[in-house]
*Asks:* 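Please read through the structure below; I'll follow up with questions.
For the single chain, residues carry numbers from 1 onward in sequence order.
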Amino acid sequence: AMPSLPQIRVHANFGDLSPSSHDALVVVYSEFADFCSLQSAGISQAIEAVQPFAKVDKEFGKAVVLVPTAAVGGGRLILSPMGSLADDTDDVRKIADAVKAGVLRAAEAGARRPAICVAQGLPSADEVADADYSRWVEVALLAALDASYVTLVVREHRQSTGTTELEKLESIDLVAMDGSVPADELDRAVQRASAIETGRRLAVDMGYGDAQRMTPYNCALAIRDAVKGVSGITYEETKDLDVIKREYPLLYNSA
């Protein structure tokens, strides 16, 4: 069966993020100075915590790094730079790469409830030709969910041994700095990202590399179980070998 996604919470302001709700804070930015210039309530202590490192290392903040500090939930502050967003070859995938790298680092450190903060405004089409960052919330959430995904066989092994942790993450918090995205749009973004990720995970499970594990028949079972009870979706299964041979010769000869 498809596991449920990690719980997703979104916040319109950094001050709405409770320290007890997360055990790591992943901050994504273009330049380290963007993070240091944040004025949001509650993040000033985190900025102060990184200053000693920045003073002795001119490369600090240019690669993913974990800083232990009591200023954030769980004592884990992860800085994950995404580089420029203003060049003509830049796009929203840079946000995805930085979020995923930061969340994976948090998970490696033992975090299961990371919070994500994009520490700057994003370019508009007026500022950068053809720039489209309008779906950055969905992109960031999908990147974090991708980092949380555990492969089919590993999940099945954990289930067979009684392990309850079928995901790398329990929850994901995302902060849109200081009301940059309206609350109702944040809620819709969560719905869209959750729907996309559920479908993506089904596709990834079905495409799993072990041909004996995910045979055509097992693919059919996976789809049937996934869409069972979902309104607006009908499921039809063809088992007649003569029909399959005639209508789907490639499948018939390869399955």
*Asks:* Verify side-chain contact (heavy atoms from CB on, under 4.5 Å) between F60 and L79, making sure each step is shown before the conclusion.
*Replies:* CA-CA 9 Å; F60 182 80; L79 305 181; 3.7 Å; yes
*Asks:* Tell me if a side-chain donor or acceptor on N13 pairs with a main-chain N or O of G15 at a distance below 3.5 Å.
*Replies:* no
*Asks:* Is any side-chain heavy atom of R192 closer than 4.5 Å to a side-chain heavy atom of V137?
*Replies:* no
*Asks:* Is L122 linked to L142 within one hydrophobic cluster, defined over Ile, Leu, Val, Met, Phe, Trp and Tyr using a side-chain heavy-atom separation of less than 4.5 Å?
*Replies:* no
*Asks:* How far apart are the closest heavy atoms of V99 and A140, and which atoms are they?
*Replies:* CG1-O, 3.5 Å
*Asks:* Please examine the side chains of E138 and I196, heavy atoms only from C-beta on, and report whether any two atoms are closer than 4.5 Å.
*Replies:* no
*Asks:* Going from CG on L186 to CD1 on I8, what distance comes out if it is rounded to the nearest 0.5 angstrom?
*Replies:* 12.0 Å
*Asks:* Which pair of non-hydrogen atoms, one from A46 and one from V72, has the smallest distance, and what is that distance?
*Replies:* CB-CG1, 3.9 Å
*Asks:* Are any side-chain N or O atoms of S194 and backbone N or O atoms of Q191, one a donor and one an acceptor, separated by less than 3.5 Å?
*Replies:* no
*Asks:* With a 4.5 Å cut-off on side-chain heavy atoms, are L77 and L66 touching?
*Replies:* no
*Asks:* Drop me the distance from K100's NZ to I116's CD1, to the nearest 0.5 angstrom.
*Replies:* 13.0 Å
*Asks:* Side chains of W136 and L141, heavy atoms from C-beta outward: is any pair under 4.5 Å?
*Replies:* no
*Asks:* Say you draw a straight line from NZ of K94 to OH of Y133; how long is it, rounded to the nearest 0.5 Å?
*Replies:* 7.5 Å
*Asks:* Can you name the nearest heavy-atom pair linking A115 to L17, along with the distance?
*Replies:* CB-CD2, 3.8 Å
*Asks:* The test is side-chain contact (heavy atoms from CB on, under 4.5 Å); show your working for M82 and D97 and say whether it passes.
*Replies:* CA-CA 7 Å; M82 54 189 167; D97 292 343; over 6 Å; no
*Asks:* Could you measure the distance from the NE2 atom of H22 to the OG atom of S171? Nearest 0.5 Å is fine.
*Replies:* 10.0 Å
*Asks:* Would you check if M214 and L152 make a side-chain contact, meaning some heavy-atom pair closer than 4.5 Å?
*Replies:* yes
*Asks:* Using 0.5 Å steps for rounding, measure from the CG atom of D16 to the CZ atom of R9.
*Replies:* 13.0 Å
*Asks:* Got I47 and Q51 here, is their nearest side-chain heavy-atom distance under 4.5 Å?
*Replies:* yes
*Asks:* Please say yes or no: joined through hydrophobic side-chain contacts below 4.5 Å, possibly via intermediate residues, are V139 and L104 part of one cluster?
*Replies:* no
*Asks:* Do H11 side-chain atoms and V175 backbone N/O form a donor-acceptor pair below 3.5 Å?
*Replies:* no
*Asks:* Just by distance, do the side chain of R112 and the backbone of K168 share a donor-acceptor pair under 3.5 Å?
*Replies:* yes
*Asks:* Are Y217 and L241 joined in one hydrophobic group, where the rule is that I, L, V, M, F, W and Y side chains link up if heavy atoms are under 4.5 Å apart?
*Replies:* no
*Asks:* Which atom names give the shortest non-hydrogen contact between L145 and A193, and what distance separates them?
*Replies:* CD1-O, 4.4 Å
*Asks:* Passes side-chain contact (heavy atoms from CB on, under 4.5 Å), R200 versus D146? Steps please.
*Replies:* CA-CA 9 Å; R200 188 194 74 85; D146 186 25; 3.3 Å; yes
*Asks:* Could you check whether E167 pairs with R155 (Lys NZ or Arg NE/NH1/NH2 to Asp/Glu carboxylate O, under 4.0 Å)?
*Replies:* no
*Asks:* Hydrophobic clustering (ILVMFWY, side-chain heavy atoms < 4.5 Å, transitive) - are L169 and V150 grouped together?
*Replies:* no
*Asks:* Between the side chain of T163 and the main-chain N/O of Q159, is any donor-acceptor distance below 3.5 Å?
*Replies:* no
*Asks:* Would you confirm whether R76, through its side chain, and D23, through its main-chain N or O, come within 3.5 Å as a donor-acceptor pair?
*Replies:* yes
*Asks:* Side chains of S134 and D132: is there a donor and an acceptor less than 3.5 Å apart?
*Replies:* yes
*Asks:* Would Y149 and D205 count as having a side-chain donor-acceptor pair, cut-off 3.5 Å?
*Replies:* yes
*Asks:* Over 60° means perpendicular and under 30° means parallel, so tell me whether F35 and Y29 are parallel, tilted or perpendicular.
*Replies:* parallel
*Asks:* Give a yes-or-no answer on whether the side chains of E237 and Y235 include a donor-acceptor pair shorter than 3.5 Å.
*Replies:* yes
*Asks:* Please give me the minimum heavy-atom distance between S84 and D90, naming the atom from each residue.
*Replies:* O-OD2, 2.9 Å
*Asks:* CD of E170 to OG of S148: how many Å apart, nearest 0.5 Å?
*Replies:* 10.0 Å
*Asks:* Identify whether the distance between the nearest side-chain nitrogen and carboxylate oxygen of D184 and R188 falls below 4.0 Å.
*Replies:* yes
*Asks:* Are any of the side-chain nitrogens in R158 or E156 under 4.0 Å away from the carboxylate oxygens of its partner?
*Replies:* no
*Asks:* Does any part of the side chain of L202, heavy atoms only, come nearer than 4.5 Å to the side chain of T198, both counted from C-beta?
*Replies:* no
*Asks:* Using side-chain heavy atoms (C-beta onward) and a distance below 4.5 Å, is L251 in contact with P216?
*Replies:* yes
*Asks:* For the pair D57 (side chain) and F53 (backbone), establish whether a donor and an acceptor sit closer than 3.5 Å, ignoring hydrogens and angles.
*Replies:* no
*Asks:* Report yes or no: does S30 contribute a side-chain atom to a donor-acceptor pair with the main-chain N or O of G83 at less than 3.5 Å?
*Replies:* yes
*Asks:* Which pair of non-hydrogen atoms, one from A49 and one from V67, has the smallest distance, and what is that distance?
*Replies:* O-CG1, 4.3 Å
*Asks:* Is the backbone N or O of A222 less than 3.5 Å from a side-chain atom of D225, with the two atoms forming a donor-acceptor pair by type?
*Replies:* no
*Asks:* Might you confirm whether atom CZ of R93 has over 12 heavy atoms from other residues, nucleotides or ligands at distances under 6.0 Å?
*Replies:* no
*Asks:* For the backbone of P81 and the side chain of K62, can you confirm whether one donor and one acceptor N or O come within less than 3.5 Å of each other?
*Replies:* no
*Asks:* Regarding S80 and R105, is there a side-chain donor-to-acceptor distance under 3.5 Å anywhere?
*Replies:* no
*Asks:* Does L221 share a hydrophobic cluster with I233, counting links as ILVMFWY side-chain heavy atoms below 4.5 Å and allowing steps through other members?
*Replies:* no
*Asks:* Whether E185 and R135 form a salt bridge (side-chain N of Lys/Arg under 4.0 Å from carboxylate O of Asp/Glu) is what I want to check.
*Replies:* yes
